[in-house]
Amino acid sequence: MMLTQIILKMKHRITLFLLLGLYGFVFSQDQATYEAWQDSIKNPDYIMKNILYLDEMEVVENQYKSSNPLLTQVRKDKLMGTDELLHCLPGVNMMRRGNFASEPILRGLSSERYVVSIDGMRLFGACTDKMDPASSYIEPNNLANLDINLGNDDAMDGASTGGCVSFNLKTPKFNANKAVFVRIGMKYNSVSRGFDQLADLNINKKNLAVRSSFVHRKAQNYIAGGGSEIKYSQFEKYNYSFAMSYRLPQSQMLSFSFLGDDANDVGYPALPMDVSYAKAKMFSLSYYRMNLGKLKEVEIKAYHNIVDHAMDDTKRDAVDVPMHMDMPGNTHTSGLFAQTYLFDSLKTKIEYYNTFAHAEMTMYPDVGSPMFMLTYPDVVRNSTSISLDYNRAFLKQNLLKMGFRYEKAATYISSEFGEQQLNVFNMSGKKPKKMNLLNANISISRNIKKSFKLKLTTSYGQRLPTTSEQFGFYLYNRQNGYDYIGNPDIKKEGAWQNQLMAVWHKKKLRTNIAVFHYQFQDYIMGVLVPNYSNMTIGAKGVMFYENTKKASLMGGEWSLMGDITKTTHLMSTATYSYGYDFENDPLPLIPPLKITNSISQKWKGFIFQPELIWSNMQNNTSVKFDELNTDSFLLLNFRMHKTFKLNIGEMDVSTGVENILDKNYREHFDWGNIPRSGRNLFLNLSWRIK
């Protein structure tokens, strides 16, 4: 058995980043997004969700009337799911296990290697099979902005080796045109006979503003390309929120927010079990102050969230369930952080959080007594960190950006029963496993010419092992058919990243290109242990999580966008990733080359948008992971939109057909070889009253 016996103590050291060149483009010290993005949002009529490469992407609610091509579609299709929104962002794909709660994949990296935050708060799913990623508890209707960071060059929200996904929720609006704003919407999807509804209310009165929202989604089994029904793909969910803000003198404000999400009867056709319920409750209390001496934009926030999840096989056919099992789980996370700007250009953040994870499994054999075990044996993690982010323009044409994060964490199990389970393998989890994490980055940007800009970034990041990697106990992975056991003595994972980005624009055309390379150290992956017996009936064997020597990931993204005529806008993207492990074998679940082309055409107030998506085959697959090859596919979509002025407010109408050719296909990272949706006709109505 290949188990690391001790945790290596971190030696305090200063990492020196060599400046490899002067590259990039200029943007102001307080900007949150690249000038490449800001300059590209010139077309008010583009209604698709794609398409522009950049490290950080932002969808900003208060720019509804702006020409942001991503924003326009998202805000007009209020009932687009979070899965759909994330899937269309460059460098992001969605791993599906069914028709619900897909897991974001950043450049081929799954959720172990990036951080998810919600308004700066940490939230952890409660399912050992990752049926409930944090993104599944967020609805786009509640989003003020969404930041995707593809790499280690921003660690304000957490330590990682692959980037971060930051969901920032809407807050109540002050000083709106009217004291009351109301939105209601409905959407129908033919492929799953799905019917969604939403309601959104904002009330403001002098120093008090209140916002509440409600979303309901219900879908039946969806139909794949060619007409086959995908059993166990139904779901129903409710999402509801309430937020209140009160303004105090001297530019101060107190805010309270609550977000709830309840899903039930969720089918997962790629897994042996479904979900009877998945629930999340998130609470936060915040204090804001614009200026406090030399401090600017001061924010202090305390939060707590609870996630409850239960897997269920009672609705499966008996032939698919060799043994009935109950598998509930829950997580509780509490945290506190304070952040501010010093001297305009230095952002600082101090953060603490505590999280608890419990999951269990009870097996009911046909003969004999029930068998019980803890799959997450009451795992406790405490983390304290400090983060710095510095931006400084110099010599007119250059921008320097530096970031640093130091995090100290301790993880242990609080269950005596769980300790007894580990003792079977001569392991222990009662003594806290302490780790010190370092994330640091530096980038140099330069305006080479008025129409040509370059940016070079180098960064280093470290991450904590996940609960599954450190303390998971016989977790069955349906994708490759093995049981997985965590390793309490596993080390942290590290990664160097280098990235070069170039932007060229002239008149109404713009093209972006980025190339990247990740070099992982102590890469965490499952390693087969031949002499261990599997727990799951039909499993191929047992894998232990281990630190392997290294792994590499490289690739790039390209985009072209511009106005062909005054009423016609073109957008095109291509993405590609390639990765290999310490034995030079392909990494699993790496997406192949993918190209998207869209044209939006405005005519008499209508916007028409045909779209063509092509994905190459993926034959460079992982033998260790028993990964299947994936065929290439070609998809054709068509959308249409128009806004109608009414006596009271406005009515947005969107309709179209997705997968017009009714192609039977799957993305490479989808589990269980389950095909995606076939031809889908949709109709979306949204009425705004203000």
Side-chain angles (χ1 to χ4, degrees), residues 83 87 92-113 129-131 133 222-226 228-233 267-273 316 320 468 475-484 523 525-528 534 536-543 548 551-553 555 575-595 613-635 659 662-678:
D83 292 356
H87 182 71
V92 181
N93 291 286
M94 302 302 293
M95 178 190 293
R96 287 170 55 115
R97 299 168 177 87
N99 197 30
F100 182 80
S102 301
E103 176 189 350
I105 303 293
L106 306 187
R107 289 177 170 170
L109 301 176
S110 56
S111 56
E112 294 88 355
R113 294 184 166 84
D129 283 342
K130 298 201 290 187
M131 292 177 171
Y222 71 87
I223 306 300
S228 60
E229 179 182 354
I230 305 302
K231 296 178 63 177
Y232 314 116
S233 61
Y268 282 89
L271 296 173
M273 303 184 75
R316 292 295 182 101
D320 298 327
S468 294
L475 306 181
Y476 179 61
N477 186 321
R478 180 64 178 269
Q479 180 74 336
N480 66 354
Y482 287 88
D483 283 336
Y484 280 72
Y523 184 81
M525 64 182 294
V527 177
L528 180 65
N534 53 285
T536 305
I537 297 175
K540 300 175 183 177
V542 175
M543 287 192 172
T548 59
S552 295
L553 178 70
T575 61
Y576 177 76
S577 296
Y578 172 77
Y580 54 91
D581 64 17
F582 68 106
E583 294 179 327
N584 292 323
D585 293 330
L587 290 177
L589 305 177
I590 299 296
L593 174 65
K594 190 173 185 178
I595 298 174
I613 301 174
W614 176 81
S615 177
N616 194 20
M617 67 181 68
Q618 180 59 285
N619 295 328
N620 191 40
T621 53
S622 171
V623 175
K624 295 185 182 74
F625 202 72
D626 285 357
E627 192 175 21
L628 299 174
N629 292 344
T630 306
D631 295 332
S632 64
F633 61 82
L634 179 69
L635 300 178
N659 194 0
D662 201 28
K663 177 70 175 178
N664 188 290
Y665 76 103
R666 74 175 183 97
E667 298 274 6
H668 179 65
F669 25 76
D670 292 342
W671 281 40
N673 205 26
I674 303 296
R676 294 208 173 190
S677 300

A.B. asks: Does Tyr578 form a side chain to side chain contact (heavy atoms under 4.5 Å, CB included) with Leu553? I'd like the steps, not just the answer.
C.D. replies: CA-CA 6 Å; Tyr578 172 77; Leu553 178 70; over 6 Å; no
A.B. asks: Rounded to the nearest 0.5 Å, what separation is found between the OG atom of Ser110 and the CG atom of Asn93?
C.D. replies: 12.5 Å
A.B. asks: Is it true that a side-chain atom of Ser615 and a backbone atom of Lys594 form a donor plus acceptor pair closer than 3.5 Å?
C.D. replies: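 A pair under 3.5 Å: no.
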A.B. asks: Of all the heavy-atom pairs spanning Ser233 and Tyr222, show the shortest one and how long it is.
C.D. replies: OG-N, 3.0 Å
A.B. asks: Do the side chains of Arg478 and Asp129 get close enough for a salt bridge, i.e. N-O under 4.0 angstrom?
C.D. replies: no
A.B. asks: For a 4.5 angstrom cut-off between non-hydrogen side-chain atoms, does Pro675 reach Ile230?
C.D. replies: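 When only atoms from C-beta onward are counted, Ile230 and Pro675 do touch, with a gap below 4.5 Å.
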A.B. asks: I'd like to know if the side chain of Thr536 reaches the main chain of Ala539, judged simply by a donor and an acceptor atom lying under 3.5 Å from each other, with no hydrogens or angles considered.
C.D. replies: no
A.B. asks: Hey, could you give me the OG1/CG distance between Thr630 and Asn620, rounded to the nearest 0.5 Å?
C.D. replies: 11.5 Å
A.B. asks: Would a 4.5 Å heavy-atom cut-off, applied to side chains only, mark Val527 and Met543 as touching?
C.D. replies: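 Contact flag for Val527/Met543 side chains = no.
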A.B. asks: Give a yes/no verdict on a cation-pi contact between Arg96 and Phe669, requiring under 6.0 Å between NZ or CZ and the six-membered ring centre and an angle within 45° of the axis.
C.D. replies: no
A.B. asks: Does the Asn534 side chain pair with the main chain of Gly541, one donor and one acceptor, at a distance under 3.5 Å?
C.D. replies: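 Answer holds: no.
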A.B. asks: Kindly determine whether Leu106 and Val92 satisfy side chain to side chain contact (heavy atoms under 4.5 Å, CB included), including the steps that lead there.
C.D. replies: CA-CA 5 Å; Leu106 306 187; Val92 181; 3.7 Å; yes
A.B. asks: Determine whether Lys624 and Asp585 satisfy the following criterion, side chain to side chain contact (heavy atoms under 4.5 Å, CB included), listing intermediate values before the conclusion.
C.D. replies: CA-CA 8 Å; Lys624 295 185 182 74; Asp585 293 330; 2.5 Å; yes
A.B. asks: If you compare all heavy atoms of Met273 against all heavy atoms of Met131, which two are closest, and at what distance to 0.1 Å?
C.D. replies: O-CE, 3.4 Å
A.B. asks: What's the separation between atom NE2 in His668 and atom CZ in Phe633, rounded to the nearest 0.5 Å?
C.D. replies: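 With rounding to 0.5 Å, NE2 (His668) is 11.5 Å from CZ (Phe633).
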A.B. asks: Please determine if Lys540 forms a cation-pi arrangement with Tyr476, meaning its NZ or CZ atom is less than 6.0 Å from the six-membered ring centre and no more than 45° off the ring axis.
C.D. replies: no
A.B. asks: Once rounded to the nearest 0.5 Å, what's the spacing between atom OG of Ser102 and atom CD of Glu667?
C.D. replies: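 Spacing of OG (Ser102) from CD (Glu667) equals 10.5 Å.
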A.B. asks: To the nearest 0.5 Å, what is the distance between CE (Met95) and CD1 (Ile105)?
C.D. replies: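 If we round to the nearest 0.5 Å, Met95:CE and Ile105:CD1 are 3.5 Å apart.
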A.B. asks: Let me know which of Arg97, Gln479, Arg676 forms a side-chain hydrogen bond (donor to acceptor under 3.5 Å, both in side chains) with Asp670.
C.D. replies: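 When Arg97, Gln479, Arg676 are each tested with Asp670, the side-chain hydrogen bond (donor to acceptor under 3.5 Å, both in side chains) holds only for Arg676.
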A.B. asks: Side chains of Leu271 and Trp671: does their closest heavy-atom pair fall under 4.5 Å?
C.D. replies: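 Yes - at least one pair of side-chain heavy atoms lies under 4.5 Å apart.
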A.B. asks: So which atom in Gly98 and which in Pro269 form the shortest heavy-atom distance, rounded to 0.1 Å?
C.D. replies: CA-CD, 3.6 Å
A.B. asks: Would you call Ile613 and Ile595 a side-chain contact if the rule is heavy atoms closer than 4.5 Å?
C.D. replies: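 Contact flag for Ile613/Ile595 side chains = no.
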A.B. asks: How close do Asn664 and Ser228 get, heavy atom to heavy atom, and via which atoms?
C.D. replies: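 Nearest pair, atom of Asn664 first, then Ser228: ND2-OG, 4.4 Å.
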A.B. asks: Identify the heavy atoms of Asn480 and Phe625 that sit nearest to each other, and give their distance.
C.D. replies: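 Shortest heavy-atom separation between Asn480 and Phe625 comes out as CB-O, 2.9 Å.
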A.B. asks: How many angstroms lie between OH in Tyr580 and CG in Leu587, if you round to the nearest 0.5 Å?
C.D. replies: 9.5 Å
A.B. asks: In this structure, which one of Pro592, Ser632, Pro591, Pro586 forms a side chain to side chain contact (heavy atoms under 4.5 Å, CB included) with Gln618?
C.D. replies: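 Single pass found, and it is Pro592.
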A.B. asks: Check the pair Leu635 / Lys663 against side chain to side chain contact (heavy atoms under 4.5 Å, CB included), numbers first and verdict last.
C.D. replies: CA-CA 7 Å; Leu635 300 178; Lys663 177 70 175 178; 3.9 Å; yes
A.B. asks: Below 4.5 Å, heavy atoms only, C-beta onward: do Tyr482 and Asp626 meet side chain to side chain?
C.D. replies: yes
A.B. asks: Looking only at heavy atoms, which two atoms of Ala224 and Asp662 are closest? And how far apart?
C.D. replies: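 Closest pair (atom of Ala224, atom of Asp662, distance): O-OD1, 4.2 Å.
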A.B. asks: Is the shortest side-chain heavy-atom distance between Leu593 and Trp614 below 4.5 Å?
C.D. replies: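 Yes, close enough: below the 4.5 Å cut-off.
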A.B. asks: For residues Tyr268 and Phe100, determine if any side-chain heavy atom of one lies less than 4.5 Å from a side-chain heavy atom of the other.
C.D. replies: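 Counting from C-beta outward, Tyr268 and Phe100 do come under 4.5 Å.
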